[in-house]
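Written out below as structure tokens is the structure these notes cover.
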Amino acid sequence: MGDVLAFWFAALAVAAVGYPIGAAALRRLPDAGAGVSFALGLTVTSVLYFLLRVLTVLPPGRGGVFAALAIVALMSAAVAGRDRWLLVTWQRAWPGAVVAAGVFTLAFFSYTAFRSYNADIGGTEQPMDFLFLNAAITSPEYPPQDPWLAGEEVSYYYLGYIQSGVLTSIAGVPSSTGYNLALAYTFAAAAAGIASLGFTFARWILGSRKRGWAMAAGGFAVGFLLLVGSLSAVFEWSAAHGNTNRGLYETFGVEWMLPCEAGQSEGCYQGPTNPRTSEWYPTEYWFWWEGTRIIPGTITEFPFFSFLLGDLHPHVMSLPLTLLAVALAAAVWRGRSPLDWRRLRSEPFAGLLLALVFGALMFQNAWDVMTFSTLLGLAVLARNLRRLRAGGAALGAISYLAPVGVVALLLYSPWWLTFSSQAGGLYAYVGEGTTPAHAFLQWGPLLLAGMLGIGYVKRTAPRSLVVNAAVSAAWAPVLPFIGWLLLASVRDSLSDGLDARGVGGWWTLVLFGMTVWLLATTTVVLALRRSAAAPAAALAALGALLLYGAELFFIRDVFFNGIPRLNTVFKLSYQAWLLLSLGGGVALAAALARARSVQRLLAMPVLTLALLGLAYPLTASFNRTNGFENPTAIDGLASVAQSDPNEYALVRWIAQNTAPDDVIIEATGRRWARGSDSMVTMVDGGSDYGSGGRIASRTGRPTPIGWYSHEIQWRGDTPEHHAEFGQRQAVVDRAYTTANPADVLDAMRQFDAKYLVVGREEINNYPGLMPDYGQFLEVAFESGTYRVYMLPELRSIPTS
Amino acid sequence: MTVEGAAAAGERSAFEVRLGTLLWFVAGGLFLLLRIAGLVSIPLGGAELDAVSGAWQASIGVEDDRFVPTLFQAVTALLFQVVDTEFWPRVLAVALSCTVPLALYRLREQLTEAGALIALVLLALDAPGILIDSTANVSAFDVPVALGLLVLLTSTRQSPAVVALAGFLVASAGPIPLMLVLAAAAVRLARQEYPTVPTFAAAGAGAALAIALSSFQYGLGWGGLRIAPLETLAASFDSEWSTDPVRSLVTIYLVPLILVTIPAAAWSIGRAMERTGETFGVVVLAWVALAGLLMLASFGEHSSLPLAAFSLPAALVAGPALSRGIATLLDADWTWARYLVPASIGALFIALSFAMDWARTTSTGDAYQQVAAWGMLLVAIGGVALILSNRAAAPCAALVAVPFLVFPHIAGVSGVAFGGPNEPMPSPISPVQAREIRDIAVTARGEGAGAIVVHPRFERELAWPFRDSGEITIATQPTADTVVLVWPTDARRPEGYAIVEGEWALVRERNGPEGDWLDYLRWYFNRNTLGVGSLPVSVYLRSTE
């Protein structure tokens with residue numbers, strides 16, 4: 001409990017330090033940005049820590065982190081001193097700040113309690129996330145070293161891991177605990193951020209008299225973002241209790257949940273059928289996984305799934321930061337005077353903050369930068385259009401944003417200069433499209449809630465204005481489609497694309513396109529009428545546009561040859577989820593707030609649908625925690641300590657007794673065995689998602705090679721990389737399978753390794769193949785049958 | 001206040017002594033006495049062991065991460081060119097700490113005379129402060145520099161040369177002055193009180209010079225960009241500068257000061273809000289808040305530095321508040337309090353004597369004892385409640401706690417200052433044995449024939465005790481010419497070597513009480529219950545047969 005309290009306090013302290021900076025920029029929000037100050041304080045501290053570590057100004061470890069936090073506190077004091085409105089702002093905004101802290105606290109402890117039933121850091125890509133977190137905390141140099149590729153720097157977007165490492169360091173908790181609490185922080189900061197923004201947008205729309213509905217908007221937005229899940233869970237739940245209607249299941253494209261019929265072996269449920277579940281919820285192992293794999297060839301993850309699974313991925317950790325970006329864009333839009341280079345010169349602090357936050361999006365989760373920068377661009381343009389003609393507004397926006405972009409690039413150059421992007425260009429998607437049923441199951445409640453925003457347009461709006469807006473907004477869906485046609489033609493795949501999409505795919509495209517058009521029209525009408533509802537509508541429109549765009553295009557990456565649009569749909573739909581949650585939550589509350597109106601009538605089924613969406617978190621959380629009967633812990637390595645205390649002792653010894661840059665030889669993850677012909681052969685060549693590089697993952701100590709395929713993903717699928725990484729695997733495996741001590745010593749010297757580990761995985765992966773290391777290496781640590789060996793040493797040192 | 005013996009007789013004496021002056025001399029004398037006691041008595045250990053090890057390595061041109069380097073450590077390294085004990089660096093540290101009473105004397109206007117005097121007494125009786133002021137640790141200059149800087153901040157005329165010197169000293173010291181700088185900067189930035197360009201430039205130039213010297217490691221060679229206060233702060237988190245964690249050390253040595261500082265800070269905040277134009281009090285409050293946060297954040301770490309970093313500003317906050325508190329006490333209604341205070345103290349003492357017995361026998365006694373102890377405690381609480389019921393007498397209630405806070409505190413202070421063998425601070429220490437091992441090894445090697453071989457596991461620990469021993473071989477196996485082996489006790493006995501009988505240790509650790517409150521109580525009343533551990537080694541000599 002002490003660790004949890006320390007982490008919670010650290011998060012609040014960082015938010016408090018960042019709040020004055022946010023209050024200056026987000027004064028126009030009712031809580032002056034208190035809800036997003038968690039993200040702001042942490043981002044500013046982490047970025048400063050990163051930059052000063054790169055410049056070697058700050059030392060590694062907790063001392064460096066505290067120094068960075070102290071500098072941010074000074075910056076805050078300077079901003080507070082110059083902010084003549086601070087006192088007035090605080091007198092108005094303090095209730096909002098209290099609510100934000102309350103929402104954060106409630107969400108933090110709730111999620112921590114939930115996670116404690118499933119605290120283990122293992123499975124899926126959690127070892128990878130743990131690796132980056134440990135690298136961020138322990139790396140002696142910055143940019144941090146890649147523990148799975150000794151001698152190389154991390155090539156990934158890793159700001160989120162630095163942020164988690166900063167909080168872990170301030171709290172002074174072990175990284176294995178920090179991992180789980182960083183998840184809780186992300187959940188809570190996202191809750192506080194979206195609650196604040198939901199309240200803000202609703203308050204702008206509804207005014208101060210309907211404060212209760214504005215608060216409800218915050219609640220709805222939190223629910224949509226962090227709780228609502230795929231409607232497929234309703235079908236799972238029903239099927240688990242044997243209530244299946246084949247026609248209905250087939251209509252919704254979830255026939256794979258139905259029991260297999262005679263002769264059928266694929267695309268159906270093959271587990272025990274009588275009974276299928278022993279509890280009120282589905283007990284099938286990880287049934288909730290399928291809720292994010294309904295659309296073939298894609299992953300349609302949503303936040304509740306992310307927090308249920310517990311992977312500390314960049315797209316998850318970026319939720320608070322993206323909400324901060326939305327808040328800044330909203331504050332920019334809400335301002336009055338036009339923005340151009342003169343304004344930037346007179347208020348450089350505001351520009352610097354934008355550069356810092358929007359540049360950080362790139363560093364935290366590269367996919368976010370385009371979407372949310374577009375939002376900022378639209379906000380600046382819309383603001384300028386209130387006072388200037390179109391040409392002047394656009395020029396002003398460019399002259400304001402271009403320097404901001406340049407500063408962002410300069411600020412983050414230490415990262416992107418060492419980052420190897422695997423994006424291979426924009427392609428037209430010419431495969432099977434998403435069916436309307438699948439789209440409905442995944443995004444139905446959010447899209448429909450977002451569409452309630454159409455009701456913002458009052459009947460009194462001039463018809464000509466609406467018609468003009470509708471015509472101009474039509475470009476929003478049409479232009480991408482033209483782009484798709486051109487791109488597909490250029491790539492010579494237009495006819496394939498027209499055929500492969502399928503009827504369902506075309507229908508979905510049309511429905512998405514219509515939604516984009518209607519919401520874009522609404523946004524334009526509202527913007528032209530200077531309505532405070534315009535930003536909420538714009539968010540929903542942008543969310544729908546992302547889903548529409550993901551049906552038409554994809555970014556080429558390592559999955560190009562098999563499942564080309566996997567990552568594009570995954571990342572863009574995740575952003576859409578956030579935007580639609582916010583836009584939808586506000587629209588739902590606004591519709592419900594209108595007594596005796598059509599909007600309220602329409603809102604009821606949407607609300608019902610949203611409640612159905614809660615079936616997923618309800619059933620999945622019970623399934624994940626075994627009905628909340630799993631043993632509880634918050635240390636992510638507690639299960640290792642319990643199941644294999646010697647392995648745990650070995651990990652702890654390495655973490656406490658070796659230098660952060662000591663290279664350690666450990667199992668590559670590949671399994672070897674001696675065949676009947678006495679030859680040593682590989683019996684399992686897979687290194688990823690398994691035990692390969694586990695010591696590096698748990699301690700941050702570099703090893704020659706960890707997860708091979710992930711390194712390929714991060715650094716590029718080139719023959720040179722395959723050759724180099726393959727050679728590393730071969731040398732390490734040789735060190736564990738040779739009878740010749742010289743091979744072991746050569747392997748250690750080749751990688752400048754000081755230690756060689758023989759633990760659980762080495763004994764499993766190289767059974768009976770390892771030489772007697774004790775004959776030529778020193779035993780540095782021993783626990784049970786596990787050992788850490790050290791290279792023999794012989795050197796002289798002076799003492800006078 | 002003056003003592004004018006002759007004045008009573010209606011004429012002025014030629015020789016007058018202000019009582020205040022006398023008290024300043026007494027408090028200053030106490031401060032220095034305890035520092036000098038520390039100089040000669042405190043065993044070499046904790047942060048000092050790391051500091052002298054690093055300084056020695058630097059003095060012989062060996063790179064070592066324990067060379068941070070602060071100015072004091074650099075001077076220590078320079079001294080090691082001519083001496084090879086920690087005594088002279090300690091003398092230097094104590095000599096500079098003589099400026100502390102002077103600095104507080106200069107701050108009488110801001111702290112009030114009585115407040116400054118009480119602050120000096122609190123600092124004199126501060127165990128972590130004694131440790132930091134009297135030993136050759138990397139932060140030995142920190143307290144004098146921080147107080148000197150505070151004096152500078154209060155002065156109206158700040159010549160560029162002095163400001164540059166201050167910048168230099170802050171950037172070449174440990175983290176304590178830096179925290180004051182941060183606090184002062186935060187307050188002044190928030191109040192839009194910006195330094196003039198010449199002042200800023202002078203401070204920057206001084207700091208830049210210090211950073212340059214640190215980066216060139218005071219002549220040892222380029223060590224990358226090194227900023228001594230930040231590196232010392234980082235080292236205080238990462239190093240084992242004490243065996244017990246900060247939370248234990250705080251419990252043992254700082255509880256009375258914290259109990260005084262919290263209400264004092266609350267009173268000071270109220271006063272600062274009344275006097276909106278005053279900066280000094282706000283800066284000190286910000287400083288103590290920062291130091292308190294650092295101490296809180298360091299609770300799990302192993303260092304005594306956060307304690308000293310806190311006790312300095314805490315004394316500055318507590319001093320004026322206590323002086324005010326004493327005045328309030330004198331004016332309080334003592335009609336009933338004169339009976340209730342000693343009665344409550346007596347009842348508490350009886351309750352405590354039961355608890356002491358429980359602590360000795362490690363069990364909480366029978367029902368009769370428990371009822372008696374709880375009864376006495378209730379009597380004491382009742383007495384305090386009665387005192388508090390009268391608003392005019394309420395301040396007297398604070399006196400009930402005084403004996404129970406002061407006596408253990410004084411015991412801790414004297415234990416540290418006079419090098420008591422049963423204090424958990426400093427620890428780990430370099431025992432005399434470590435140097436004996438070195439003497440055995442050097443004697444056995446004779447005139448350069450053969451090698452002294454030390455296992456790599458002990459490389460860091462041998463830096464100080466094996467200083468000035470010629471060349472040492474670090475190896476995981478004995479070499480052909482090995483004559484002496486300093487070896488792990490859990491390693492196989494090497495063939496051809498005879499063990500030197502004895503329980504040898506390179507480092508000895510003293511663990512304070514841990515566990516429940518009875519453990520602490522037992523230790524308070526019987527300090528002989530301190531746990532002792534060590535880093536044992538085996539010493540082997542080549543067999544002559």
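The sequence lines fix the lettering, A, B, ..., with proteins before strands; numbering per chain opens at 1.
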Discussion item. Measuring centre to centre across the rings, with the benzene-like ring taken for any Trp, is B:Phe237 within less than 6.0 Å of A:Phe66?
Written reply: yes

Discussion item. Just so I understand: if I count every heavy-atom pair under 4.5 Å between each of B:Leu233, B:Leu290, B:Leu225 and chain A, which residue has the most?
Written reply: B:Leu225

Fill in: B:Arg457/B:Glu459 ion pair, N-O < 4.0 Å
no

Practice prompt. Go through the atoms of B:Ile472 and report whether side chain, backbone, both or neither lie under 4.5 Å from a heavy atom of chain A.
Written response: both

Worksheet entry | Presence of salt bridge, B:Arg438 and B:Asp468, under 4.0 angstrom | no

Worksheet entry | Interchain contact, A:Ala78 with chain B, by part (heavy-atom threshold 4.5 Å) | both

Discussion item. I need the residue from A:Ser796, A:Gly2, A:Ala171, A:Gly61 with the largest number of non-hydrogen atom pairs under 4.5 Å to chain B.
Written reply: A:Ser796

Practice prompt. Please determine, among A:Leu794, A:Ile797, A:Thr56, A:Leu74, the option with the most heavy-atom pairs under 4.5 Å with chain B.
Written response: A:Ile797

Discussion item. Would you say the ring centers of A:Tyr142 and A:Tyr49 fall short of 6.0 Å from each other?
Written reply: yes

Worksheet item: Checking heavy atoms, do the side chain of B:Leu189, its backbone, both or neither come under 4.5 Å from chain A?
Response: both

Worksheet item: Which answer fits B:Thr479, side chain, backbone, both or neither, if we ask what part of it has an atom under 4.5 Å from a heavy atom of chain A?
Response: side chain

Item to complete: For each of B:Ala463, B:Gly300, B:Pro456, tally heavy-atom pairs with chain A at distances under 4.5 Å, and name the one with the top tally.
Response: B:Pro456

Item to complete: Please look at B:Leu462 and chain A and tell me whether the side chain, the backbone, both or neither of the residue comes under 4.5 angstrom of a heavy atom of that chain.
Response: side chain

Item to complete: Could you tell me which portion of A:Leu55 (side chain, backbone, both or neither) has an atom closer than 4.5 angstrom to a non-hydrogen atom of chain B?
Response: backbone

Item to complete: Could you label the plane-to-plane angle of the B:Phe80 and B:Trp464 rings as parallel, tilted or perpendicular, counting under 30° as parallel and over 60° as perpendicular?
Response: tilted

Worksheet item: Can you say whether A:Met75 sits under 4.5 Å from chain B via the side chain, the backbone, both, or neither, judging by heavy atoms?
Response: neither

Discussion item. Need one label for B:Glu193: side chain, backbone, both or neither, based on atoms under 4.5 Å from any heavy atom in chain A.
Written reply: neither

Fill in: Least distance between heavy atoms, B:Ala210 atom then B:Ala171 atom
CB-CB, 3.6 Å

Worksheet item: Is it true that B:Glu301 and A:Arg62 make a salt bridge, defined as a side-chain N closer than 4.0 Å to a carboxylate O?
Response: yes

Discussion item. Under 4.5 Å from any heavy atom of chain B, what part of A:Pro20 do you find: side chain, backbone, both or neither?
Written reply: neither

Discussion item. Need one label for B:Phe299: side chain, backbone, both or neither, based on atoms under 4.5 Å from any heavy atom in chain A.
Written reply: neither

Discussion item. Any salt bridge linking A:Asp635 with A:Arg652? Criterion: basic side-chain nitrogen under 4.0 Å from a carboxylate oxygen.
Written reply: yes

Worksheet item: So, are B:Arg460 and B:Asp65 salt-bridged, with charged N and O less than 4.0 Å apart?
Response: yes

